[in-house]
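Let me begin by presenting the structure, written as structure tokens, before commenting on it.
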Amino acid sequence: MQTLYMDYAATTPVDPAVAEKMMQYLTSDGCFANPASRAHMLGWFAEQAVEEARLTVAKSIGCDLREIVWTSGATESNNLALKGIAETRKAQGRHIVTSAIEHKAVLDTCSWLETQGFEVSYLKPNAQGLISVEQVKAALRDDTILASFMWINNELGSINPIAEIGAVLQEQGVVFHVDAAQAGGKVAMDLTALPVDLVSFSAHKFYGPKGIGALYVRRDPALKVAAQMHGGGHERGMRSGTLPTHQIVGMAEALRIATDRLDDDFQHLTQIRRQFWQGVSTLDQIAVNGDLERGYPGILNLCFAGVDGESLLMALKNVAVSTGSACNSASVDPSYVLSGIGLSRDKALGSLRFSWGRFTTENEIEQAVASVKHAVAALRG
Ligand SMILES: Cc1ncc(COP(=O)(O)O)c(C=O)c1O
């Protein structure tokens, strides 16, 4: 039985063109040398590949290539941003503002910072999963040094008003970190023009390889981020470690393709979501968690009242979906994101996240709709 992959928010398959390009940077007949090896030409070629990739990424998100720091993914980028700023700014204040429905890579980092003497305010989102400018304004204090909000929520697809929030933070001199793990390669970005200071990216969310990401660090005005990984002083001292040329080249190629296809992919996903919703919305007691109109079309979180999400997951043997964030899939607790937007425990436990991507077909949606309807009817029956 073919599995219908509807868990693109957890990870995407690598684009075949990206995988092919990466192969050229691995084996002895390719560009495999250490990009930090200055003593020979093979090292220079690898360094050139890394710098070309840096330029490609910078162009795709509208920034200077010196503002890109390679990391292992958004978890590391989030850690580096939050801990790195907390460390350099602690003399100015120890208050941080974030939301209750950020990814664990932000929330757990904030919890750790609390053990180090920082105070964190966790703003409560509205029922659609959004943080408002007014809430942010009200939370700021004289000792607030940093705020962190995600661009697109990984469970709901809700899109925060990043530009508006950033304008308020900039005015108050508060450093603004944005977790764009779900937004990179999905929505248009011009970071130089946007009032943001630090932005996290992860390649495996946009058809690149796992294990590579980046942190955008604003240069004007220059921002000092304390290194969290010590060693050879790579990445202008912010992140030591031998650069994985094949991963970096893969990330850049994936982002280049995603940026070229931005509108096509968005339209495709809008059509896919519409088809799926039209199909399943005829079921009784089904509701959208989040915002069907304004949310990112690649994600649809649905509540099937009276149905246990885990049982539905089991019944949907041919559909790969998630009951929440994949990173928490071992837990039987309701998703903290769904609880965070005010869903009851039962409703949160009766919800599933469907997420689609570039390779999802109308035929797959047709099959998935039939499977969902059949499984829900069987469980309710
Ligand atoms: C919003 C968000 N932030 C951070 C991460 C972590 O990214 P990575 O897998 O690259 O560490 C994810 C991945 O699930 C995510 O969705």
Side-chain angles (χ1 to χ4, degrees), residues 5-14 18 57 61 68-83 98-112 122 125 129-131 147-160 162 176-187 189 196 198-216 228-229 239 241 244 247-248 250-252 254-255 258 290 295-296 298-301 320-331 335-338 340-341 353-357:
Y5 186 70
M6 304 204 164
D7 203 14
Y8 275 77
T11 197
T12 56
V14 172
V18 170
V57 168
I61 58 176
I68 302 293
V69 174
W70 302 117
T71 65
S72 61
T75 298
E76 188 189 335
S77 296
N78 290 347
N79 271 264
L80 176 58
L82 301 182
K83 294 176 184 168
T98 187
S99 93
I101 62 165
E102 296 301 306
H103 190 271
K104 287 287 182 186
V106 165
L107 292 180
D108 287 358
T109 304
C110 284
S111 303
W112 181 81
Y122 299 92
L130 298 173
I131 294 298
S148 178
F149 297 107
M150 65 210 314
W151 197 314
I152 296 181
N153 184 275
N154 50 307
E155 288 195 38
L156 301 165
S158 47
I159 307 177
N160 268 324
I162 293 301
F176 187 18
H177 166 251
V178 177
D179 177 353
Q182 296 290 344
K186 315 272 178 63
V187 293
M189 283 186 193
V196 296
L198 299 148
V199 185
S200 299
F201 295 96
S202 179
H204 74 93
K205 306 291 188 186
F206 51 80
Y207 313 93
K210 294 166 189 55
I212 182 75
L215 180 66
Y216 158 81
Q228 301 303 308
M229 195 103 89
R239 202 279 192 174
Q247 306 278 78
I248 289 170
M251 173 165 176
L255 191 57
Y296 170 65
I299 296 176
L300 186 61
N301 198 311
V321 282
S322 161
T323 47
S325 151
C327 316
N328 304 318
S329 59
S331 159
S335 143
Y336 68 91
V337 173
L338 298 182
I341 59 166
R353 176 189 70 183
F354 295 84
S355 55
W356 305 288

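Counting convention: from 1, in listed order, for ligands and their atoms alike. Keep in mind the model is a prediction, meaning the values are calculated, not measured.
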Ring pair (Phe, Tyr, Trp, His ring centres under 6.0 Å) involving Tyr207 - partner list, sequence neighbours excluded: Phe359
Donor on one side chain, acceptor on other, Ser148 and Glu102, under 3.5 Å: no
Location of contacts on Ala74 toward ligand 1, heavy atoms closer than 4.0 Å: both
Side chains of Thr98 and Tyr122 in contact at under 4.5 Å (non-hydrogen atoms): yes
Nearest-0.5 Å distance that lies between atom OG1 in Thr109 and atom CG in Asn78: 6.5 Å
contact_flag His204 ligand 1 heavy-atom lt 4.0 Å: yes
Close approach of Glu102 to ligand 1, heavy atoms, under 4.0 angstrom: no
CE-CZ distance between Met6 and Arg353, expressed to the nearest 0.5 angstrom: 13.5 Å
Sub-3.5 Å N/O-N/O distance, Ser202 and ligand 1: yes
Part of Lys205 with heavy atoms under 4.0 Å of ligand 1, whether side chain, backbone, both or neither: side chain
Atom indices of ligand 1, in the order listed, that fall short of 4.0 Å to a heavy atom of Gly73: 10 (O)
Contact atoms of ligand 1, heavy-atom distance to Met150 under 4.0 Å: 1 (C)
Any side-chain donor near an acceptor of the partner, Ser158 and Asn153, under 3.5 Å: no
Thr75 contact mode with ligand 1 (heavy-atom cut-off under 4.0 Å): both
